[in-house]
Amino acid sequence: MFKNDNKTAASYYEHTRNFKIDAPKLQQDIKANVVIIGGGLTGCSTALHLASSGVDVAVVESRHFGWGASGRSGGQIINGFSVGQDVLEKLVGMDSAKELWDHSVQSVEYTRQLIQTYNIDCDLTMGYLHVGVKQRQAKELEQWAERLSSAYNYPVMAYHNKSELAEFLGSDRYQGGVSDPGSGHLHPLNYCLGISKAAKDAGAKLFQNSAVVKVESSATGKVVYCGNGTIRCDQVVYGCNAYLASFNRSGLAPKISNKIMPVGTYIIATEPLPEEVALGLISNRAAIADINFVLDYYRLSADNRMLFGGRVSYSTLEPLKLTQSLYNRMLRVFPQLQGVKIDFSWGGYVAITRNRAPHIGQMDDRSWFAHGYSGHGMALTGYMGKLLAQAILGDREGIACFEKVPHKTFPGGKVLRIPALVAAMGYYKLKDYF
């Protein structure tokens, strides 16, 4: 029943990708106005907007485009952030918290615009459901929806009690939930590849299998070294997200890499289900997530597979018996899937910040970055590419409120950062049981 248990394999998204980006390995010395490190959504969206404005831009990716979280995530496009609005209100004040919320709403709409503009075939489906396992969580969700309506002018969410949830969710695990028609889900790899192709068509130079080993300052700008080639440029954008963090790129951008940590998250995909079975699980085909600290998130694919994600690894080590564990978690939600075959099991890393707010800004007068979306990046990444491009071109208005959010370094230094995080997260996991 289980394939590749204990070893994450090629994802369902790789199996159903529309095409591959034709990009060479960098094997010469070239020049560009801007070099973007990272071939995910942040990097490719930034490249798209810069190239469309006539900027000579190059993107260098250590593997292939869409290899990281941008191409293997749960695929949810969600309003809001991993950090709650109440926390943002304390960090930046009410006015800026409202502005940040509006940006998150705009990021989802902007994702839809990009898909339409560039005719990206990525199974976009609108509809999202936040659910609570416990009664107190259901009450929290109801109050949250009311707060967003009254204070943030977002009245579209609707609360559903346990019996109402049964109308479109074939599970009795939850005590209540909030639906959000303004959020949704998509095929993340095909979306990322679509943005990558649009950037290439706009004139961006794309290089893959070209890992950056160091970035140095020169008298006239920056020099990006990629092993077999270099790029001299005026500006550098770091769009590496979790792969900038210390466990993988300890020598690259230490001023900002210590503000994020890599967290592993994992997904299984069942065999295709008969449509009547699939719609018996989620009749409106919405994406769903509970609000536990270690949460379950899931949705139906376009070909009626159940894509079920959960488990996390703060140690960067893959959990033991991963596929079996996720399968058991899926059966807690949908016991009627007992015996269904699991065709794919995979995982990857997202970058979290200490406060779970995205970290965006300028490191020095020639270096920019955007990362730390903390699991809410599928819509924000493309949108941040637009805002970063605008800032590089001289308009900082878009990123200004994100730069107001304070970010602290993870404690423990290179040696103890991960053990310290593992210990701290144990406390929050325990809260899920009470």
Side-chain angles (χ1 to χ4, degrees), residues 9-73 75 111 113-124 186-213 224-233 235-243 249 302 344 346 348 377-378 381-382 384-386 388-389:
S11 71
Y12 162 74
Y13 305 127
E14 286 282 351
H15 180 71
T16 53
R17 65 191 301 162
N18 290 335
F19 57 88
K20 291 185 178 182
I21 293 293
D22 183 17
K25 181 177 182 178
L26 181 65
Q27 300 190 86
Q28 57 184 319
D29 298 335
I30 64 172
K31 294 181 180 180
N33 297 134
V34 179
V35 171
I36 299 168
I37 305 172
L41 280 166
T42 297
C44 291
S45 177
T46 307
L48 168 61
H49 290 91
L50 288 173
S52 298
S53 298
V55 177
D56 182 12
V57 58
V59 185
V60 287
E61 161 60 37
S62 64
R63 303 290 185 96
H64 58 75
F65 283 82
W67 180 84
S70 294
R72 66 175 72 193
S73 75
T111 302
Q113 292 174 13
L114 286 173
I115 292 169
Q116 181 177 7
T117 299
Y118 297 102
N119 194 28
I120 301 173
D121 179 11
C122 61
D123 306 330
L124 175 65
L186 47 68
H187 188 300
L189 181 55
N190 282 336
Y191 174 56
C192 185
L193 291 174
I195 298 299
S196 304
K197 181 180 183 300
K200 183 178 180 180
D201 291 346
K205 303 181 185 75
L206 307 187
F207 300 96
Q208 57 190 10
N209 298 313
S210 303
V212 174
V213 294
V224 178
Y225 294 85
C226 296
N228 294 323
T230 64
I231 311 178
R232 293 186 176 273
C233 59
Q235 306 276 336
V236 173
V237 176
Y238 293 89
C240 313
N241 208 35
Y243 297 93
R249 291 182 179 273
F344 299 93
W346 72 97
M378 189 49 59
T381 42
M384 286 305 160
K386 173 188 173 182
L388 275 178

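A quick note: this is a predicted structure, and the numbers were derived from the prediction, not measured.
- For the pair Ser53 (side chain) and Val55 (backbone), a donor-acceptor distance under 3.5 Å is absent.
- Within 6.0 Å of the NZ atom in Lys197, the count of heavy atoms belonging to other residues, nucleotides or ligands does not exceed 12.
- With hydrogens and angles ignored, the 3.5 Å screen pairs a side-chain donor or acceptor of Ser45 with a backbone N or O of Gly382.
- Nearest heavy-atom pair across Val35 and Ala32 is CG2-CB, 4.5 Å.
- The shortest distance between side-chain heavy atoms of His64 and Ile21 does not fall below 4.5 Å.
- Note that CG of Leu186 and CD1 of Ile115 are 5.0 Å apart. Values are rounded to the nearest 0.5 Å.
- Looking at Leu124 and Tyr191, their side chains never come closer than 4.5 Å, going by heavy atoms from C-beta outward.
- Listed here is the closest heavy atom pair of Gly71 and Tyr13: O-CD1, 3.5 Å.
- Heavy-atom minimum distance, Val57 versus Ala47: CG1-O, 3.8 Å.
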Verdict with supporting geometry, Leu193 and Asn18, side chain to side chain contact (heavy atoms under 4.5 Å, CB included): CA-CA 8 Å; Leu193 291 174; Asn18 290 335; 5.8 Å; no
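- Listed here is the closest heavy atom pair of Phe65 and Cys44: CD2-SG, 3.6 Å.
- Between the CZ atom of Phe207 and the CD atom of Gln28 there is a distance of 6.5 Å, given to the nearest 0.5 Å.
- For the atom pair Asp56 CG and Leu50 CG, the distance stands at 10.5 Å (nearest 0.5 Å).
- Between Asp121 and Asn190 the shortest side-chain heavy-atom distance does not fall below 4.5 Å.
- In this structure, Leu388 CG and Lys386 NZ are separated by 12.5 Å, a value rounded to the nearest 0.5 Å.
- Closest approach of Gly39 and Cys192 over heavy atoms only: O-SG, 4.1 Å.
- Looking only at distances, a side-chain donor or acceptor of Arg72 sits under 3.5 Å from a matching main-chain atom of Trp67.
- Side chains of Leu48 and Leu114 form a contact here, defined as non-hydrogen atoms less than 4.5 Å apart.
- Put simply, CD on Glu61 and SG on Cys240 are 8.5 Å apart, with the number rounded to the nearest 0.5 Å.
- Here CD1 of Ile37 is found 7.5 Å from SG of Cys226. Values are rounded to the nearest 0.5 Å.
- For the pair Ser70 (side chain) and Gly66 (backbone), a donor-acceptor distance under 3.5 Å is absent.
- Considering only heavy atoms from C-beta on, Asn241 stays 4.5 Å or farther from Thr42 through its side chain.
- Annotation: side chain of Tyr118 is not in contact with side chain of Asp201 (no heavy-atom distance under 4.5 Å).
- Ile231 has its side chain within reach of Val60: a pair of non-hydrogen atoms, C-beta onward, lies under 4.5 Å apart.
- Side-chain atoms of Lys200 come within 3.5 Å of backbone N or O of Asp22 as a donor-acceptor pair.
- Residue Arg232 qualifies as open at atom CZ: its count of foreign heavy atoms under 6.0 Å is 12 or below.
- Of all heavy-atom pairs spanning His49 and Ala389, the tightest one is CB-CB, 3.5 Å.
- Formation of a donor-acceptor pair under 3.5 Å by the Asp29 side chain with backbone atoms of Thr230 is found in this model.
- Contact of the Ser62 side chain with the Tyr243 side chain is not registered, since no non-hydrogen atoms from C-beta on lie closer than 4.5 Å.
- Using cut-offs of 30° and 60° for the angle between ring planes, the Tyr12 and His187 rings count as tilted.
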